[in-house]
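See below for the structure under consideration.
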Amino acid sequence: MSSTRRQYPFHLIEPKWQQQWDVQATFRAWSPGERIPAAHPFGQRHGLRDETATTLNLPPKFYVLDMFPYPSGAGLHVGHPEGYTATDILARYRRAAGFNVLHPIGWDAFGLPAEQYAVKTGQHPRVTTEANITTFRRQIKSLGFSYDWQREIDTTDPRYFRWTQWIFLQLYHSWFNPASNRAEPIESLPYPAELKSEPERRVYRDGKRLAYVSDAPVWWCDALGTVLANEEVIDGKSEVGGFPVVRRPMRQWMLRITAYAERLLQDLQTIDWSDSLKEMQRNWIGRSEGADVTFTIDAPGLPAAERQVTVFTTRPDTLFGATYMVLAPEHRLVDAILPATWPANTPVTWKGQQPGATQSPQAAVAAYRAYAAARSDRERTDLAKEKTGVFTGAYAFNPANGERIPVWIADYVLLSYGTGAIMAVPAHDTRDLEFARAFNLPIRTVVQAPGNTESIGFVDDGISVNSGFITGLPTPDAKRNITDWLVQQGLGQARVNYKLRDWLFSRQRYWGEPFPIVWKPGPDGEPFHEALPESELPLLPPPLDDFKPTNDGRPPLARATDWLNLAGAQRETNTMPQWAGSCWYYLRYLDPANDQAFCRPAAERYWMGSAGHPNARITPGVDLYVGGTEHAVLHLLYARFWHKVLFDLGHVSTPEPFYKLVNQGLILGEDGQKMSKSRGNVINPDDILKDYGADAFRLYEMFLGPLEMTKPWSTRGVEGVYRFLGRVWRLCIDESSETEFEQRCAANPDQAAQHLEALRPHPAIQATAPDASQLRVLHACIRKVTEDLDHLRFNTAISALMVFVNEAIAWDVRPLETLRTFLVLLHPFAPHLAEELWQLLDTQRESAAGTGTPVAPNTIAYLPWPRFDPALLVEETLEIPVQVNGKLRDRIRLPADTTPAQVELAALAADKIAPLLRGKTLRKIIVVPGKLVNLVVSP
RNA sequence: GCCCGCGUGGCGGAAUUGGCAGACGCGCUAGAUUCAGGUUCUAGUGACUAACAUCGUACAGGUUCAAAUCCUGUCGCGGGCACCA
């Protein structure tokens, strides 16, 4: 490819404009309070030369955001620029349309690969990270994105993570007040009267914080040497690397995201995300309505508290059909309720399968627990066919009918959901039915299925039967009725349950934000935690040269003994997960250099849309956020959670961070398979850029298909858009001047860039007014490109640009203004080429050149977006298809203003139509004005 | 298993939301330019036909004057969740 002739000298044009944009800071976004230099094109466009920007004099904001990359050692792949190109096109389009566009980029640079590399080589993660960022920055800049580089951020920069730590302190110093349904400062926490002493109150307070310490079992990954959040564990393996994980109790920091479950769910209705993405978040939050029901164990000797077992059910209406109970094997009451011996007549199959462990309930339960603990999560879920469990020997009373029902333990009941115990209604729950059939437990129908449907195994709404006072009621009424009854009896209450769990927030790693927390010995010997004052931020990680965990299994930070030990206290040695930095980066872009606050309120209110605007409707939050689906639950849920906390505490002004969110689709290899090194089908953007240039690369990424769709890469396809750019070039450039340019380049390659000056406009380009058909072609293009950009339909917008060029290249006279307008339409897609040709066709430059005064190259970026005139699009005559019985038979050409009655007559008289109607009965004539005529006839 | 989304030429994909199926691009065919290859330009390109006609948007039905588009069922592909009571 490199041996063939270039379509146009993109290798000279692209660096030229990238440098120009850098020097001019062309895409610098101005916040209220900043002074706009007289020479900046933004100020020139908006009449703000050398003025201080304010909320009132700035145009409306448009915040278009990319998911910032993790700068890996592998460099950029073609997936990154897909979303980045889409947002860049939008940014350039909105800038032209008169918005103040914020389009930033940065680096999500804490993370495991750099740390693992450090463990292997001793190379400090800081060094690796900086090298990788340099590569990423170079690659991203070579694509010509219109980022405001003065707002570049790096999550590993102490000036950045200082504020990540500060936000953690906000969480630490807050509690969630259920009465106000929001976070409040911990000082407002009311204490129960019986808590008098400060140590007692401290324990209570620490249990209420949004950031708290928990000893619950967590997922531990040996291969990664750290714990992981629930969301990072998939099918019993780590999301990163696919290593096995095990459940292990450890003392860990948690964030109380569950307090926000309902608001995270409800507020989805206020934002413009795809249905599938909202659905994924809804599934993850997993709201279900039902009731708590208390069962009493038949063990009169036990204290009352140990005889009560509460279950959660979404079907309280089936309570009369509960023929047994199941507790999770780890349920805390199991040991208390076990009788010493099996009840008489216990079937042998109920005592468990473990040989030698069936003599007593204790032995059977212990054996089953050992078996369940040994099963990995994958085995539990994949081998879901065979239900297992053992009878505990205990019985409970069904509160509805007083029946004595056996209590089992089984691993199909999860300790972590609901109350860790269920009432089993085998007739109307698939899992309970499987279990009941396996162990021959009673099955009682309590819901009548409609029609002839079998009632056993029926899990939908029906009519209650065999159910005492709710018999005959439809399911929704029965639920309400029995829940009211349970409340009256003091046996239960309505309850909403969520699958969402609190967020495990600590990791045993080096390359992350240290917690601004110290531990002190308590009066009872138990250590307690305290926050560092804000004045001690940023808390830097200690210098280390060994990044492995300590030999006794503590995190790497514990190696730094000088750092670790303070007077009377020890530092927290865990670090924050990678998600921490990405939870709020979109806020830091608003005011990236601020060392007094994470973000100045005036900037926050302007860019997040709370300041309003006199002449425009402003979007609350980020206007457009584009990124991959892989962040559908993790990053996007965490970020919404932090944002809501900051909102409650008055630090941000909108309840949601990202108003409109779009997931870009995956780009597959040329073989239609996912790109991967092992398949050898990875496309490197650097190679494409070298052969075709950045503009062709951008254009192709967008021309491939709809942004959100998964689609295969084709390097042949790149040549198609590259040829299109070549045609644009030849539309504007005089061929003989190009020959001269090439000769000069060949003679003097070192000064190739200067030789661009030799290029002259195509002789067919004249300063004449376009004719009606040229205007129609142009305005059809303006209309299509504008509407398509408004709906993110980049592929069809590009096709409209191609249609224009295919037409215009055939014109004998190419009106100058028409081509200039076209270049404005082209520039968001192919900015370098558009800038170069604009400069060439710039009449002011021509005249200034005559005076010998050098003219600074200006930019196309701030020219007004053209508007289309609908009047110019109206065709004088229309071609109307004529159908007979829905089949196309002829086309007739008629003036656009023909009345429907005249269209009818013309259709009937058409050459190919009249013979078809002979001898038939005309039943009906349908005229769709301007569209088509359908004649309905019968023989 | 459950929940979303999608099935259109040889390929990527269009179709103003019920109104001319296949825009635009790739590929392919023929011609022009060229010593030649490449580039560029011109014309053609759903299937079957000499042509007229006929058929054609995964498959089978249905609604409608009219269906890629709406409804029912089936099959296939992709994604998410997965014993969540």
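Chain letters run A, B, ... following the sequence lines, proteins first and then strands; every chain starts at 1.
Comparing the same atom, C1', in B:U72 and in B:U63 gives a spacing of 11 Å after rounding to whole Å. Between B:A53 and B:U42, the two P atoms lie 31 Å apart (nearest whole Å). B:U54 and B:G19 have their C1' atoms separated by 22 Å, with the value rounded to a whole Å. To the nearest whole angstrom, the two C1' atoms, one in B:C83 and one in B:G76, are 28 Å apart. Distance noted for atom P between B:A50 and B:U40: 35 Å (whole Å). Taking the P atom of each, B:C2 and B:U74 are spaced 11 Å apart, rounded to whole Å. Between B:U34 and B:G27, the two P atoms lie 24 Å apart (nearest whole Å). Of the C1' atoms belonging to B:G12 and B:G7, the separation is 15 Å, rounded to the nearest Å.
The line from CG of A:Leu486 to OG1 of A:Thr294 is 8.5 Å long, rounded to the nearest 0.5 Å. For the atom pair CG of A:Leu878 and OG1 of A:Thr898, the computed distance is 7.5 Å after rounding to the nearest 0.5 Å.
By the 4.5 Å heavy-atom criterion applied to side chains, A:Val933 and A:Pro881 are not counted as neighbours. Side-chain contact between A:Ile422 and A:Tyr417 is absent, with no heavy-atom pair separated by less than 4.5 Å.
Taking the six-membered ring where tryptophan is involved, the planes of A:Tyr368 and A:Tyr371 are tilted, since the angle between them lies from 30° to 60°.
Here B:G73 is in the anti range [glycosidic angle more than 90° from 0]. In this structure, B:U54 is classed as anti because its glycosidic torsion departs from zero by more than 90°.
Listed by chain and residue number, nothing satisfies the side-chain hydrogen bond (donor to acceptor under 3.5 Å, both in side chains) test with A:Asp869 (two or more places apart in sequence, or in another chain). Among residues two or more places apart in sequence or in another chain, the side-chain hydrogen bond (donor to acceptor under 3.5 Å, both in side chains) test is passed with A:Glu454 by none. A search for ring-ring contact (aromatic ring centres under 6.0 Å, His included) contacts involving A:Phe435 returns A:Tyr324, A:Trp408, A:Tyr412, A:Phe439, not counting sequence neighbours. Taking A:Ser274 as the reference, A:Ser276 meet the side-chain hydrogen bond (donor to acceptor under 3.5 Å, both in side chains) condition, with sequence neighbours excluded. By the side chain to side chain contact (heavy atoms under 4.5 Å, CB included) test, A:Thr786 is found to be paired with A:Tyr93, A:Ile782, A:Asp790, A:Trp865, residues two or more places apart in sequence or in another chain being considered. Taking A:Trp729 as the reference, A:Tyr8 meet the ring-ring contact (aromatic ring centres under 6.0 Å, His included) condition, with sequence neighbours excluded. Remark: A:Phe822 pairs with A:Phe804 by the ring-ring contact (aromatic ring centres under 6.0 Å, His included) rule, at least two apart or across chains.
A side-chain donor-acceptor contact under 3.5 Å links A:Arg640 and A:Gln281. In this model, a donor atom of one side chain and an acceptor atom of the other lie less than 3.5 Å apart for A:Asp788 and A:Thr796.
Comparing A:Met280 and A:Tyr498 against RNA chain B, the residue whose closest nucleotide sits nearer the 5' end is A:Met280. When each of A:Ile809 and A:Pro712 is assigned the nucleotide of RNA chain B with its nearest heavy atom, A:Pro712 is the one assigned upstream, toward the 5' end.
Between A:Gln7 and B:U40 there is a side-chain N or O to OP1 or OP2 distance below 4.0 Å.
Among the atoms of the strands shown, none is found under 4.0 Å from any heavy atom of A:Met423. Using a 4.0 Å heavy-atom criterion, one finds that A:Lys711 contacts the sugar-phosphate atoms exclusively. Residue contacts shown for A:Ser274 are absent, as no nucleic acid heavy atom lies under 4.0 Å away. Residue contacts shown for A:Leu932 include a base, since a base heavy atom lies under 4.0 Å away.
Here A:Asp317 does not pair with A:Lys479 in a salt bridge; the nearest charged N to carboxylate O distance is not below 4.0 Å. In this structure, A:Glu330 does not pair ionically with A:Arg369, as no charged nitrogen and carboxylate oxygen lie closer than 4.0 Å. Ionic pairing of A:Glu82 and A:Lys711 is present here: one or more N-O contacts between side-chain nitrogen and carboxylate oxygen are shorter than 4.0 angstrom. With salt bridges taken as basic N to acidic carboxylate O contacts below 4.0 Å, one links A:Arg282 and A:Glu279.
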Taking only N/O atoms, report every protein-nucleotides 45-55 of chain B pair under 3.5 Å with atom names and distance.
| from | atom 1 | to | atom 2 | distance (Å) |
| --- | --- | --- | --- | --- |
| B:U54 | OP1 | A:Arg889 | NH2 | 3.4 |

Pairwise N/O distances under 3.5 Å, protein to nucleotides 63-66 of chain B:
| from | atom 1 | to | atom 2 | distance (Å) |
| --- | --- | --- | --- | --- |
| B:C65 | O2' | A:Asn934 | ND2 | 3.2 |
| B:C65 | O2 | A:Asn934 | ND2 | 2.7 |

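Following rounding to the nearest Å, A:Gln281 (CD) and B:G79 (C1') show an atom-to-atom distance of 16 Å. Residue A:Phe868 contributes atom CZ, which lies 17 Å from atom P of B:U16 at whole-angstrom precision. Here the C1' atom of nucleotide B:G78 and the CD atom of A:Gln673 are 13 Å apart, to the nearest Å. A straight line from CG of A:Asp429 to P of B:G1 spans 17 Å, rounded to a whole angstrom. Taking atom CD of residue A:Glu708 and atom C1' of nucleotide B:C4, one finds them 14 Å apart after rounding to whole Å. Atom C1' of nucleotide B:U39 and atom OH of A:Tyr722 are separated by 10 Å, given to the nearest angstrom. Look at CZ on A:Arg793: it is 11 Å from C1' on B:U17, rounded to the nearest Å. Between the CD atom of A:Glu434 and the P atom of B:G1 there is a distance of 12 Å, given to the nearest Å.
For A:Asp411, the listed nucleotide lying nearest its side chain is B:C83; candidates were B:G12, B:C41, B:C83. The side chain of A:Val413 lies closest to B:A85 when the candidates are B:A85, B:C81, B:C4.
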*Can you give the dot-bracket line for RNA chain B, using ( ) for pairs inside the strand, [ ] for pairs that cross earlier ones, | for pairs with another strand and . for unpaired bases, where Watson-Crick and G-U count if both distances are under 3.5 Å?*
(((((((..(((......[....)))((((((.......))))))((......))..(((((..]....))))))))))))....

*How does each nucleotide of nucleotides 69-74 of chain B score, in 5' to 3' order, for protein heavy atoms under 4.0 Å: base (B), sugar-phosphate only (S), or none (-)?*
------

*Do nucleotides 22-31 of chain B as a string where each nucleotide becomes B, S or -: B if the base has a protein heavy atom under 4.0 Å, S if just the sugar-phosphate does, - if no protein is that close.*
-BBSSS----

*A:Phe697 vs A:Tyr700, ring-ring contact (aromatic ring centres under 6.0 Å, His included): CA-CA, chis, key distance, verdict*: CA-CA 5 Å; A:Phe697 182 71; A:Tyr700 180 64; 8.3 Å; no

